[in-house]
Amino acid sequence: MSAQSPIVDSPSVFIGFNDLVGLLHAIFVKHGTSPEVASILARNCASAERDGAHSHGIFRIPGYLSTLASGWVDGKATPVVTDVASGFVRVDACNGFAQPALEAARALLVDKARSAGIALLAIHNSHHFAALWPDVEPFAEEGLVALSVVNSMTCVVPHGADRPLFGTNPIAFAAPRADGLPIVFDLATSAIAHGDVQIAARKGERLPPGMGVDSLGQPTQDPKAILEGGALLPFGGHKGSALSMMVELLAAALTGGNFSFEFNWADHPGARTPWTGQLLIVIDPSKTAGQSFAERSQELVRQMHAVGLRRLPGDRRHRTRAKSQQQGIELQAQDLAQLQALLED
Ligand code: NDP
Ligand code: PYC
């Protein structure tokens with residue numbers, strides 16, 4: 001399975017969530033992670049595929065494996081958690097993946113959020129190659145509000161500049177609501193995620209206008225021109241650019257991680273995972289005065305529906321999840337065969 005190979009149509013096959021997790025777990029272990037890290041990454045990646053978050057589902061496996069093979073990331077790292085202050089937890093991911101670092105600090109973070117009302121988790125020396133919503137949604141499922149930011153690799157031109165500096169720097173937010181799944185959004189601060197540009201290039205599709213520039217800084221709708229020496233633009237001009245700058249500050253400067261422009265993977269051919277940092281803020285809304293937060297957020301949803309809103313952020317993903325739970329996760333037969341081949345010697 002290669003990240004560069006063109007996407008060809010092949011028949012659909014359906015696989016259960018646990019079967020996909022099991023397959024991905026075996027692949028990660030075979031390619032150099034510990035079983036503990038494999039469990040976390042396999043669940044994360046299978047969840048993305050299940051929810052139709054294709055830019056961060058099984059499409060990412062070749063990138064994970066080439067990175068592990070390059071020696072750029074430590075797939076067996078054991079994160080080191082430090083209890084810094086009443087509302088502050090720090091984790092050194094020890095050049096491992098960010099998700100095991102979050103898992104290692106999770107219980108302490110939740111304890112602090114519940115006692116102080118708010119707590120912050122600063123992860124550094126970490127690699128995040130996934131969608132960000134899986135990091136926040138579980139907090140909302142247990143009644144907490146969570147916000148996370150992570151920076152990535154230089155490929156976005158700040159608004160008004162002429163060369164790339166920022167990463168694609170997503171922001172994810174999750175909040176509980178009384179009568180439904182949590183309210184969740186997760187968005188790159190670039191006009192399009194780098195993963196979606198790669199997918200468009202593999203499919204031979206053009207992008208909408210305003211997503212990126214070519215190697216000469218000229219606007220282009222050709223994903224290959226963006227990937228081969230070009231760059232992305234922030235979403236919403238100066239506004240997305242300011243948010244991207246904020247992500248660099250919170251995810252890198254505040255955590256002790258690298259800015260998106262500070263690491264150099266040139267000596268690790270095949271490395272794809274950004275070596276940066278991640279910040280999470282978790283709030284316990286039970287401290288809210290008056291009506292419960294979940295009832296207030298439900299009221300907001302009711303009012304949004306009343307003015308004609310049919311789709312909330314997260315709705316598409318949750319609908320796809322429900323469909324996957326009913327019929328199995330839909331994969332292309334060719335993609336499943338390529339995953340299975342990764343287990344062969
Ligand atoms: P999208 O633009 O597809 O979606 C962004 C958010 O908007 C989602 O919550 C989505 O909900 C919602 N949304 C989309 N369309 C609508 C609509 N018409 N009405 C209401 N809500 C809508 O995501 P991005 O391309 O910006 O990001 C894709 C993924 O890439 C994210 O998961 C992000 O975390 C990941 N990423 C990871 C990076 C990393 O360094 N690890 C870097 C950059 C991106 P829904 O999910 O239901 O469609
Ligand atoms: O899709 O922009 C992206 C991305 C960067 C790192 C992981 N995903």
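Residue numbers start at 1 and run along the sequence shown. One-based numbering, in listed order, for ligands and for the atoms of each.
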Nearest 0.5 Å, please: how far is CG in N18 from NE2 in H25? 12.5 Å

Rounded at 0.5 Å granularity, tell me how far CG in D19 sits from CZ in F14. 14.5 Å

What protein heavy atom lies closest to [atom]? Include the residue and the distance to one decimal.
| atom | value |
| --- | --- |
| atom 40 (O) of ligand 1 | S152 CB, 3.5 Å |
| atom 26 (O) of ligand 1 | A188 N, 2.8 Å |
| atom 30 (O) of ligand 1 | H56 CE1, 2.9 Å |
| atom 25 (O) of ligand 1 | D196 OD2, 3.7 Å |
| atom 43 (C) of ligand 1 | T168 OG1, 3.3 Å |
| atom 38 (C) of ligand 1 | P170 CG, 3.5 Å |

Please check whether [X] reaches ligand 1 - meaning an N/O of the residue sits under 3.5 Å from an N/O of the ligand, judged on distance alone.
| X | result |
| --- | --- |
| D186 | yes |
| N169 | no |
| F185 | no |
| R311 | yes |
| A130 | yes |
| G314 | yes |
| W133 | no |
| R317 | yes |
| L132 | yes |

For the pair [X] (side chain) and [Y] (backbone), establish whether a donor and an acceptor sit closer than 3.5 Å, ignoring hydrogens and angles.
| X | Y | answer |
| --- | --- | --- |
| H127 | T273 | yes |
| Q332 | S10 | yes |
| S241 | G237 | no |

Quick check on contacts: which atoms of ligand 1 are under 4.0 angstrom from a heavy atom of A131? 32 (O), 34 (O)

Just jot down the ligand 1 atoms closer than 4.0 angstrom to any heavy atom of P313, in number order. 9 (O), 11 (O), 12 (C), 20 (C), 21 (N)

With respect to D51, which candidate in H318, K323, R321, R316 satisfies the side-chain hydrogen bond (donor to acceptor under 3.5 Å, both in side chains) definition? R321

Residues [X] and [Y]: side-chain donor-acceptor under 3.5 angstrom:
| X | Y | answer |
| --- | --- | --- |
| N169 | T189 | no |
| T220 | D222 | no |
| D74 | N95 | no |
| E103 | Q99 | no |

Applying salt bridge (charged side-chain N to carboxylate O under 4.0 Å, His left out), run through D315 and R310 and close with a yes or a no. CA-CA 9 Å; D315 278 356; R310 293 284 159 266; over 6 Å; no

In the complex you have, is atom 1 (P) of ligand 1 within reach of the protein, judged by whether a heavy-atom distance drops under 4.0 Å? no

Mind checking whether [X] contacts ligand 1 via backbone (N, CA, C, O), side chain (CB onward), both or neither, at a 4.0 Å heavy-atom cut-off?
| X | value |
| --- | --- |
| P274 | neither |
| H194 | neither |
| D315 | backbone |

Working for side chain to side chain contact (heavy atoms under 4.5 Å, CB included), residues V157 and R163: CA-CA 5 Å; V157 185; R163 287 187 303 284; 5.8 Å; no

Heavy-atom check, side chain of L336 versus side chain of L23, under 4.5 Å: yes

Short N or O contacts of ligand 2 with protein, under 3.5 Å, listed by atom name?
from     : atom 1 : to   : atom 2 : distance (Å)
ligand 2 : 1 (O)  : H56  : NE2    : 3.3
ligand 2 : 1 (O)  : R60  : NH2    : 3.2
ligand 2 : 1 (O)  : H194 : N      : 3.3
ligand 2 : 1 (O)  : G195 : N      : 2.9
ligand 2 : 2 (O)  : T168 : OG1    : 2.7
ligand 2 : 2 (O)  : H194 : N      : 2.9
ligand 2 : 8 (N)  : H56  : NE2    : 2.8

Stepwise salt bridge (charged side-chain N to carboxylate O under 4.0 Å, His left out) test for R296 and E299: CA-CA 5 Å; R296 296 291 288 152; E299 174 59 12; over 6 Å; no

Let's go through I123 and T255 carefully: what are the C-alpha distance in whole Å and the side-chain angles of both, what is the deciding distance for side chain to side chain contact (heavy atoms under 4.5 Å, CB included) to 0.1 Å, and is it a yes or a no? CA-CA 6 Å; I123 302 174; T255 64; 5.8 Å; no

Between W265 and W275, is the gap from one ring center to the other below 6.0 Å? no

